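The next block holds one structure in the form of structure tokens; read it before the comments.
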Number of protein chains: 2
Amino acid sequence: MKKPTTIHDIAKMANVSSATVSRVLSNSSYPVSKELKERIQQIAKESNYIPNMLGKQLKKNSSNTIGVIIPSIVNPFYSSVIFGIEEVARQNNFTVIVCNSLQDPALEDEYLRTIMEKQVKGLIISSISKDKSQLTQLMKLGLNVIAIDQKIDEDNVNQIEFDYHKAGYLATKHLQEKGHERIGYVTSKLDRPSRRSIHQGYMSAMKDAGLKPLVVESQTEEVYNAITEFDTGKQLTQKLLEHSPQPTAIFACNDMMAFGVINELSRRDIQVPEQVSVMGFDGIDVGQMIHPPLTTIKQPDYEMGKMACKMLLDMMQGDDSPMFDVMLQPKLLERKSIRDIRGEGK
Amino acid sequence: MKKPTTIHDIAKMANVSSATVSRVLSNSSYPVSKELKERIQQIAKESNYIPNMLGKQLKKNSSNTIGVIIPSIVNPFYSSVIFGIEEVARQNNFTVIVCNSLQDPALEDEYLRTIMEKQVKGLIISSISKDKSQLTQLMKLGLNVIAIDQKIDEDNVNQIEFDYHKAGYLATKHLQEKGHERIGYVTSKLDRPSRRSIHQGYMSAMKDAGLKPLVVESQTEEVYNAITEFDTGKQLTQKLLEHSPQPTAIFACNDMMAFGVINELSRRDIQVPEQVSVMGFDGIDVGQMIHPPLTTIKQPDYEMGKMACKMLLDMMQGDDSPMFDVMLQPKLLERKSIRDIRGEGK
DNA sequence: TCACTTGTAGTAATCGTTTACTATAGTAAA
DNA sequence: TTTACTATAGTAAACGATTACTACAAGTGA
């Protein structure tokens, strides 16, 4: 590895002090004669000068890096979030360090530490860890944090959440409005707050309508994996269909699972939506590519990423920003997997 | 922002020199008496000491960061690659900076610069830029680079490629072996080497079998977007079906596009695979969730990420590692979207 | 002429760590 | 007793960049 050019090298070549070089190359407002300025810029260019951010940031004691911790980048939901974060970060000359916690609290803490060592100025985190002690401690030390997606039950944490409860309610309500009364809910393990909220939303809607809830919950707790979700959807559907009378509609806690539901129903020659309607959750793109196109609840993932990054940048600027807790609203994406059965006998 | 604890603070508290603190806290092999060592560790813990990597890496002139530049993280193919990279990186105490070039050469160069300023020790890049001058220049300066997915036609660049040509050939051959002779190929714009290679693979296979190729190419050049690919697949299918006699099989250059093909066929009440067979390309998970499950070509994306990171780490270690150019082999994922029409009249 | 200001450039300390040297005391060998 | 070594700890100079000071010449006004 060749030794890279530094401002000192350039200073020597130009027969000036490194202070002057620094002032020129960092676009300081400090006055430098035009002639000298141009000469230095010329030399810098010729010698392929690349500023060393380690030095700069060490001196200025501030980096232009933000950390992001999410469960898994292969989950299309989170990759959209990150995409939004990155876009805003880049526009503001920030770079992003992305870490996959894989829903492992130990890994989450490890990354938290690594990120701090790298002197990030802010953190966007979707935390699944129950023990938030390390995180809150870092916040006390002055780390700017925005919690996304997964609510953190601590004071003084700025949050951007999805309104999972309303989303669950909305989905269930929609099915009811289409005339469905026996609505089954299939869900992965109710271990995360977000999942519990959707479930509660479903429960509320059923209760409000005076209907009997019907829930099957997966017991295996796993890292996100599209195929696993799909298979779970199939299995839970089997269980659900054991109930009698059978539901006329099935609401799944995520789109991949909904695909599994549809698949299992097709396998049994049960037509969707003619015989059973299916409601998804997430609004991933492929939902509209399958048959029938999946009616689902869209969480504004990309927008959440952009918003989180913007607000984090704001926080990092001033000390006077108020605390906030944003609730992003779900949106119903009405497609073709739900049948209107109003007015039909049973 | 509170001022963080430094080794000097700890040194003062422990009444020792900062050199000693450094030696203890960085697990140096330098001998420090057991008693003192424990005292320092104790104080470090109590005062929430977090080492400042900027200082450390500046001094040691080496960071434990690698850069990754890919077209877009929302493309599930690349998010798998990154996932693999990250996994290996973490195991080796490296962190990753991911940059989405969005297939914009200017952005690619911008990121290249940013990454260099951050003093990364290595780079994994899927480059779409035609002008590789900045990249080669950085390599001359000593940057370790591994090109993935998109071949870089320069000497001295270590590569990990997919054998796109063979993949295209394999897909076409498989259709032929199932008795298909009129095989259409639908592809997005042939502007990238990888896409051209698949196309050539298709062409070779058709030529070898003495069959007439039938290609429709999209003319719009765009950033990856699942829906766009899907729509393109539909449009190109329409065009393809204008030909007479109509093809009995359609090969699409990526899975999303294949979904579009299937969708358009269904819309016209053409059964897949009964009337027309469909071959995809990529092997994304949802391919097996749709109806019919999509037969496709799998590129080992996750494995490529792991391999790239491992080899990069090796490169960064020794100066004696040989140049390499790895060709990862495609794999046929046989599912249900292709019908065997051998022995049938016509 | 003197006192000030202005424009421009240099000096040197500093950010947090590491590490080549140096220093000291205790111990062992001669 | 002298010499030599060992174990342990401190001193101070880096790494690359920034910046509060200082320096100094030329210009300005009285």
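Side-chain atoms are counted along with the backbone in the values below, which use heavy atoms only and exclude waters and symmetry mates. Naming: A, B, ... by sequence-line order, numbering from 1 per chain. In this text, all values refer to a predicted model and were calculated from it rather than measured experimentally.
Atom CD1 of B/Ile40 and atom P of D/dG10 are 8 Å apart (whole Å). Atom CD in B/Glu117 sits about 15 Å away from atom P in D/dG16, given to the nearest Å. One can place CD of B/Glu38 at 13 Å from P of D/dT8, the figure rounded to the nearest angstrom. Summarising the geometry, the separation between CG on A/Asp9 and C1' on D/dA17 is reported as 13 Å, rounded to the nearest angstrom. A straight line from CZ of B/Arg39 to C1' of D/dT8 spans 14 Å, rounded to a whole angstrom.
Between B/Asp325 and B/Lys151, at least one side-chain N (NZ, or NE/NH1/NH2) sits under 4.0 Å from a carboxylate O, which counts as a salt bridge.
Atom OG1 of B/Thr20 sits about 12.0 Å away from atom NZ of B/Lys37, to the nearest 0.5 Å. Interatomic distance, B/Leu102 CG to B/Ile70 CD1, rounded to the nearest 0.5 Å: 8.5 Å. Once rounded to the nearest 0.5 Å, the distance linking CZ of B/Arg90 with CD1 of B/Ile85 reads 14.0 Å.
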- Under a 4.0 Å heavy-atom criterion, the protein footprint on nucleotides 9-16 of chain C, written with B, S and -, is BBB--BBB
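Using a distance-only test at 3.5 Å, with no hydrogens or angles considered, no donor-acceptor pair links the side chain of B/Ser101 to the main chain of B/Leu107.
In summary, the side chains of B/Asp149 and B/Tyr78 do present a donor paired with an acceptor at a separation below 3.5 Å, with no hydrogens or angles considered. Donor-acceptor pairing under 3.5 Å is lacking for the side chains of A/Gln119 and A/Thr65.
In terms of position along DNA chain D, the nucleotide closest to B/Lys34 lies nearer the 5' end than the nucleotide closest to the other residue of the pair A/Met53 and B/Lys34.
With sequence neighbours left out, B/Asp191 forms a side-chain hydrogen bond (donor to acceptor under 3.5 Å, both in side chains) with B/Arg195.
For the helix from C/dT1-D/dA30 to C/dA30-D/dT1, the axis fitted to the five pairs at one end and the axis fitted to the five pairs at the other end meet at an angle of 60° (nearest 10 degrees).
At the heavy-atom level, B/Ser26 lies under 4.0 Å from the strands shown only through sugar-phosphate atoms.
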